[in-house]
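One structure is given here, and the rest of the page talks about it.
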Amino acid sequence: QVQLVESGGGLVQPGGSLRLSCTASGFLMDYYAVGWFRRAPGKEREGVSCISSSDSRDRTAGYADSVKGRFTISRDNAENTVYLQMNSLKPEDMAVYYCAAKGSLYANWPSNQNEYDYWGQGTQVTVSS
């Protein structure tokens, strides 16, 4: 059974950090481009970051302007997991975060959500003092 499971969300104060994990089962994430998305209350889901597959030439990554310099996406193929390290969190980062995978070498930025084949259930990130 193909499944993506996000974890690592929670409550953090402004300026704090969280690391989100996206672990796959039923397929090898190595060969998939992976994206992180988020949906804030009252807003549409938006792309946050993406990373190309391990088979791609340079494993390119992309970031939304709002998170560039604060968030880092990475892979651990041994764990079949993609991470999103989030530093210097702001109240506007509060959202449900989703990971998604698509059977493509490259994760082009900006992400097109319609291209992604598998989605996780989401993990809540709350940034509040």
Side-chain angles (χ1 to χ4, degrees):
Q1 181 182 1
V2 171
Q3 195 173 17
L4 288 174
V5 178
E6 301 98 335
S7 61
L11 172 64
V12 64
Q13 292 185 344
S17 297
L18 285 174
R19 188 179 76 161
L20 304 184
S21 300
C22 172
T23 300
S25 58
F27 69 101
L28 291 176
M29 288 254 273
D30 306 24
Y31 306 112
Y32 285 73
V34 176
W36 282 97
F37 301 82
R38 67 186 180 187
R39 178 182 279 133
K43 295 187 177 181
E44 293 186 354
R45 189 166 59 190
E46 63 176 358
V48 175
S49 181
C50 62
I51 188 168
S52 295
S53 76
S54 298
D55 275 357
S56 66
R57 185 171 59 185
D58 50 9
R59 300 190 188 182
T60 52
Y63 298 92
D65 287 343
S66 59
V67 307
K68 204 170 290 184
R70 300 188 296 123
F71 291 11
T72 304
I73 191 169
S74 63
R75 291 181 172 271
D76 184 336
N77 292 335
E79 298 294 328
N80 211 23
T81 298
V82 170
Y83 299 102
L84 185 68
Q85 177 67 43
M86 306 188 297
N87 298 329
S88 303
L89 282 161
K90 304 175 180 180
E92 52 262 42
D93 294 318
M94 185 166 64
V96 178
Y97 283 70
Y98 302 88
C99 69
K102 62 175 181 176
S104 301
L105 277 179
Y106 292 98
N108 301 310
W109 184 264
S111 297
N112 181 343
Q113 300 182 37
N114 295 326
E115 294 179 349
Y116 284 81
D117 303 305
Y118 307 123
W119 289 83
Q121 82 291 346
T123 185
Q124 175 70 49
V125 170
T126 302
V127 184
S128 175
S129 55

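The shown structure was predicted, so the numbers you read here are calculated from the model rather than taken from an experiment. Heads up: numbering here begins at 1 and tracks the sequence.
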Look only at the side chain of [X] and the backbone of [Y], and say whether a donor-acceptor pair between them is shorter than 3.5 Å.
X      : Y      : answer
Asn87  : Ser17  : no
Asp117 : Gly103 : yes
Asp76  : Glu79  : yes
Ser52  : Ala107 : yes
Arg70  : Ser88  : yes

* Would you verify whether the NZ or CZ of Lys68 falls within 45 degrees of the ring axis of Tyr63 while also being under 6.0 Å from that six-membered ring's centre? =>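 Not satisfied by the 6.0 Å and 45° rule.
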[atom1]/[X] to [atom2]/[Y] distance, rounded to the nearest 0.5 angstrom?
X      : Y      : atom1 : atom2 : value
Tyr97  : Arg39  : OH    : CZ    : 13.5 Å
Trp119 : Lys102 : CH2   : NZ    : 10.5 Å
Leu18  : Thr126 : CG    : OG1   : 9.5 Å
Tyr118 : Cys22  : OH    : SG    : 13.0 Å
Leu20  : Ser49  : CG    : OG    : 11.0 Å
Glu92  : Lys43  : CD    : NZ    : 8.0 Å

Should [X] and [Y] be counted in the same cluster of Ile, Leu, Val, Met, Phe, Trp and Tyr side chains packed under 4.5 Å apart?
X      : Y      : result
Val48  : Val125 : yes
Tyr31  : Ile51  : yes
Val34  : Val67  : yes
Val127 : Phe71  : yes

* **Lys/Arg N to Asp/Glu carboxylate O, Arg38 vs Glu46, below 4.0 Å** =>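 So Arg38 pairs with Glu46 through a salt bridge.
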* Asked: Under 4.0 Å between a Lys/Arg side-chain N and an Asp/Glu carboxylate O for Lys90 and Asp93?
  ->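 Result for this pair is no, no salt bridge flagged.
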* Where is the tightest heavy-atom contact between Asn80 and Met29, given as atom of each residue plus distance? ->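 Distance-wise, the nearest heavy atoms are OD1-N, 2.7 Å.
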* Can you name the nearest heavy-atom pair linking Ser129 to Pro14, along with the distance? ->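 In terms of heavy atoms, the two residues are closest at N-CD, 3.7 Å.
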* What do the steps show when you test Tyr116 against Leu4 for side-chain contact (heavy atoms from CB on, under 4.5 Å), and what is the final call? -> CA-CA 12 Å; Tyr116 284 81; Leu4 288 174; over 6 Å; no
Within the 4.5 Å heavy-atom criterion, are [X] and [Y] side-chain neighbours or not?
X      : Y     : result
Gln113 : Arg45 : yes
Val12  : Met86 : no
Ile73  : Val82 : yes
Trp36  : Tyr98 : no

* Should Val5 and Ser25 be marked as a side-chain contact (heavy atoms from CB on, under 4.5 Å) after you check the CA-CA gap, both sets of side-chain angles, and the distance that decides it? -> CA-CA 8 Å; Val5 178; Ser25 58; 5.8 Å; no
* Going through the distances and angles, do Thr81 and Thr23 end up as a side chain to side chain donor-acceptor pair (under 3.5 Å)? -> CA-CA 4 Å; Thr81 298; Thr23 300; 2.9 Å; yes
* Hey, do the aromatic rings of Tyr32 and Phe27 have their centres closer than 6.0 Å? ->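 Ring centres of Phe27 and Tyr32 closer than 6.0 Å.
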* To do: Take Glu6 and Gln121 through the test side-chain contact (heavy atoms from CB on, under 4.5 Å) and record every step on the way to the result.
  => CA-CA 7 Å; Glu6 301 98 335; Gln121 82 291 346; 2.9 Å; yes
